[in-house]
Each structure stands twice: as structure tokens, then as C-alpha cells.
Amino acid sequence: MKKAVRALGALARLSDRAVPYALLSLVIPVGVLSGFGVYSVVSDGHWLLFIGILLVCTMLSSLGLLLARRKVRQTLAPAVEHALEAEATVPDYWRERDRTLQREMLPVVSGLLEQEPAWQALPHHALALVREVAGRYHDDARYAQWAFTAPEVLAICEQVSRRYRQVLQAHVPGVEHIRLSTLMNLNDQVERYGPLAMKVFKGYRALRMFSPQGVLAEMLTQLRGEVFGGLSTELQNRLRQLLLLEVLRAAIDLYGGHFRIDDDQLKPGRVTEKDQQRQAPDLDPVRIGLLGQVGAGKSSLVNALSDSLKAEVSALPATDGVTVHACAIEGAPDLRLIDLPGLDGSKKVHDVVFEQVRQCDLVLWVLKANQPARGLDQAFRRELDTWFAEHPEASPPVLIGVLNQVDRLVPAGSWQEPFSLTDGSTVARAVAEAKAWNEQLLALPGMVAIALPAHRPPFNLAELVERVQEQYANAVNVQLGRRRREAGEFSISREMDRVRKAAVGVFGLLR
Ligand SMILES: Nc1nc2c(ncn2[C@@H]2O[C@H](COP(=O)(O)OP(=O)(O)OP(=O)(O)O)[C@@H](O)[C@H]2O)c(=O)[nH]1
Ligand SMILES: [Mg+2]
């Protein structure tokens, strides 16, 4: 009796004092009614009838149990499975290195959970994961042990708690009442309050965590002592796995240089969480750099793109020979075309162009079709690849190869409009060969062949515009990464602000 009272007391504390009163208001009337029933059975001699009805009820409830068990399996488990499957699809802004790392870390997540599956162990597992990811991004293993700072861990926690809560809210009914602290205390409470409390707590856990079907399943399992396929335990295991996968994703975001949490800082003012989910971040204009050797036709392409798209063009003179033009195309409303000086082998030009290209979201690499010398382009490509490999936190721009001046692949004066690239003619074959050769030489697959002869209509510009439209979303991601990185450059006040925000998020969840 004493234990039952203490168990009710604990239950009251954990449930804002509502559940015990609800139970009592149910138990007292049912008890009184049962008393009257027993009296009536004894006094009127309805023993046989009573036993018969009892048997039928037991059979019916067993049937209900079976049905409920099937239904829980059919609805609840797939929902959590679905969330786990969604977790496997990686964000499109991740680079190959991030994806490979995630694949390599998946067995580590399973290994940690196998080693120690309790809720209490999760913070240790999460730290181990963050440490491991930090280590993979930093070469020096000694430093990697402590390669993350307190604000970083708190920021990861904030992101995980927000995303995890969203997933749970979407898939696990009633989960908004969950408190991780409750779950973590659960085992201690169960040990302290003995077997009766255990049943009550397990029922309570099901009530708080899952759907009404879950409550039914859990209650019946506990009360009738039947093994119910360990469904809720299994689901809890899946939820733990989900939480660690979220930690892994957040750690890769942080150390891979795509920390999404900073999206808030890119937005003006503070808005509600729901609005934040709906609202697209304010974008800067997407920067499209035109890169290539002298005379490749970069300026001609800028003019052609501006003219053919009837965009408002405003040339903003730049001191370093870089000219910027505003323009818009359908689906990509705010572009800046950065007309870069042509690569001519001089260090001065090279340095200006290299600096600019690293700050572009998309690069149109313009190549002159009838010029075989590719040494400058190849050297630039190698240097670019090396730089981005050495700076994994930076996002490389989207590259589109443009084979310009294909009209010059035919004898002078023989270029005729309309011209087809697919009719199998000698010229079409020459263009295809030049494309394949340049694509392979510069590792730029999917090159677009165009021609912009002076005083003649441009050829195949529409395909290039289409390609830019296709790549617009990727270019936006590059820009967000770049801005996040810029915003992430060290500032004590911003770090303190981060700690404050992250702490609010974490303690909000672990209330
Ligand atoms: N026939 C033909 N001529 C072209 C084509 N594209 C550009 N030109 C000509 O090539 C010359 C160089 O073009 P630009 O657009 O100035 O080349 P650029 O890459 O900007 O050159 P720099 O600014 O010096 O690096 C100009 O005379 C253009 O008219 C083309 O597709 N066909
Ligand atoms: Mg030019």
C-alpha cells in the first residue's frame, strides 16, 4: 500500500498532478459497481451465467489485443521507420567528403547503441560522435580530441533538439508532452518504486510517448503479463538511433562548413519558429563569374545574356578590372554577371581572377572552340581543386563549361543559321568532338556549345540559360555556405550570443 501511494505521488510529480486524479475518478466508481455486481451474483445465484460472460469477454479482449498489436505494428513502426529512412537522405549541399564520412560513421552509431543502449548513455554517445567527426575533419589527431568548443557543442545540441522534435512531432502522436529528463529518470524511478510502480510507469511511458494504440498495447502487456513483441522497446531503440543520427548530421554540418543554424543570423530580426520554417532566407544576388582566357568571348556572353534576357543592366565599374552587371532570367530573378579579365599568364590577372572565382556561386568557364591551347585553363582548374580540397569548409562554385565560338570550327563564311548539333553533319561532329575533348581535359562534364558571332544572332544560348536555371538552386546553396562562413568568422560577441541561444534551445528541450 505504502509503495502504491509513493508510486502515485511520483506519477503526480511527473504528470503535472493530473493523471492520479483521473485514475482515481475512474477506479472508485468501477470498484463500487463491481461490489454491487458480486452481491447480485451471489444473492441471485447467477454463477454459471457470470462465468460464461467472463469467458466470452476474455476471448473478445484477446481478439482486441491481437488486432491492436497488428495495428500498432502497422501504423506506428512504419512512421518511425520513415523518419529513419528520411535521415538517410543527405542534404544536397553536402559534398562528397561529407557523404563518405556519414556512410563511414553509420556503423559507429550502431556500435555505440549496441554497446550501451540506455537513454542515459546518449549524451556520452553524442559527444563521442562529435569528437570522432571533428577528428575526421582535422588532421592532427591530438588536436582533434578537443577540436570542438563549448559553443559548438551547444549549437549542435540546439540544432539536434529542434530537428529531432520536428521529426517526433511529425511521426509520434502526443510527443509534444515528452520530456527527455522524464525518460532519463524513468529507470531510476522504476527501480525505486518496485514492481507495481514499474507497471504504472511503463503504462505512463506509453501514454506519454506513443499513440492510444501504444497505451493499450503497453497496458495489456504489463497487466496480463504477455510478451507483446517488445514493440515499444524496439521503437525506443529506433528513436535513440534517430537522435544519434541527428547528432551526426549536425556535426558534419558544423565541421563540413555548412552550419545551417546560422540561417537565423542571415535573416533580419527574429521571427517565430513556424515562420522560420516557411520563410526562405533573404538571398544576396547569385554571383555568376565568367572565367576564361583572353578573347574567349566572356564579355560577348555577358552582353548576349543581358540582351537576350531583356534584363535591366547596370554596369558597375570595378577598380581591379572586374565588371559587374545585374541581370535576371526566369526562375533566377537576381543575378550578377561578373565579367572577369581574361587569363593571359600574368600573375596579377591570375590572382585577381582566382580571388573572384572563389567568391562566385556559379562559374561559366568560357572556352574558345577553335583554340587548342588549354594550358592556362588546366593550370587554373588544378589550382582551384587543390585550394578547395585544402579548405573543406569552403563551398566550391558550381561550374558550367561553355564552348564558345563553335561557328569558327567551320571554314570562314560557311556558318549557316539555323544550325543543328544533332544532324550528324561534319560540323556537328566537329563540335561534338571539341566538346568531348574539352570536357575531358578540364573535367567539366555537360559542356554547352554556343556561338556569339558579332552582328549575328547568338546560337544555342537558350540551352545555356536552361543550364543556369537548373543549377540556380545549387548556386544558392553555395552562396548560403559562403555567407555562413563569413558570418562564422570569429567574434566574441557573436559567440556569446550563440551560446545564449543554444543554451535556451537545449534547456527548452531538457526541461
Ligand atoms: N565569330 C565569333 N566571334 C566571337 C564569338 N564570341 C566572341 N567573338 C569575338 O571575339 C572577340 C573577343 O570577344 P570578347 O567577348 O571581348 O572576349 P573576352 O573573353 O571578353 O576577352 P577579354 O576581355 O580580353 O578577356 C570579339 O571580337 C568578339 O566579337 C563567337 O562565338 N563567334
Ligand atoms: Mg572581356
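For ligands, and for the atoms within them, numbers begin at 1 and follow the listed sequence. Note that the coordinates shown come from a computational prediction; the quantities given were computed from them, not determined experimentally.
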Distances under 3.5 Å, N/O of ligand 1 against N/O of the protein: list each pair and its distance.
unit_1	atom_1	unit_2	atom_2	d
ligand 1	1 (N)	Asp407	OD2	2.8
ligand 1	1 (N)	Arg408	NE	3.2
ligand 1	3 (N)	Arg408	NH2	3.0
ligand 1	6 (N)	Asn404	ND2	3.2
ligand 1	15 (O)	Ser299	N	3.4
ligand 1	15 (O)	Ser300	N	2.8
ligand 1	15 (O)	Ser300	OG	2.5
ligand 1	17 (O)	Gly297	N	3.1
ligand 1	19 (O)	Ala296	N	3.2
ligand 1	19 (O)	Gly297	N	2.9
ligand 1	19 (O)	Lys298	N	2.8
ligand 1	19 (O)	Lys298	NZ	2.8
ligand 1	20 (O)	Ser299	N	2.9
ligand 1	20 (O)	Ser299	OG	2.8
ligand 1	21 (O)	Gly295	N	3.0
ligand 1	25 (O)	Lys298	NZ	2.7
ligand 1	25 (O)	Gly342	N	3.3
ligand 1	31 (O)	Asn404	OD1	3.2
ligand 1	31 (O)	Gln405	N	3.3
ligand 1	31 (O)	Leu452	N	2.5
ligand 1	32 (N)	Asp407	OD1	2.9
ligand 1	32 (N)	Asp407	OD2	3.2

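Excluding waters, the set of protein N, O or S atoms lying under 2.8 Å from the Mg ion (ligand 2) comprises Ser299 OG.
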side-chain contact (heavy atoms from CB on, under 4.5 Å) evaluation trace for Asp339 with Leu337:
CA-CA 6 Å; Asp339 191 5; Leu337 298 176; over 6 Å; no
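Between Glu463 and Arg467 a salt bridge is recorded (basic side-chain N to carboxylate O distance below 4.0 Å). Using a 4.0 Å cut-off between a side-chain N of Lys or Arg and a carboxylate O of Asp or Glu, Arg381 and Asp385 qualify as a salt bridge.
For the residue pair Arg408 / Gln371, no side-chain donor-acceptor distance below 3.5 Å is found, with atom types taken as modelled. Side-chain contact annotation: Glu383 with His350, donor-acceptor N/O pair under 3.5 Å present. Between the side chains of Gln293 and Asp344, no donor-acceptor pair is found at a separation under 3.5 Å.
Residue pairs meeting the salt bridge (charged side-chain N to carboxylate O under 4.0 Å, His left out) criterion with at least one member in residues 102-117, sequence neighbours excluded, are Glu96-Arg103, Glu104-Arg136. Residue pairs meeting the salt bridge (charged side-chain N to carboxylate O under 4.0 Å, His left out) criterion with at least one partner in residues 360-370, sequence neighbours excluded, are Asp361-Arg482.
Here the closest non-hydrogen pair linking Tyr472 and Ala332 is CD1-CB, 3.3 Å.
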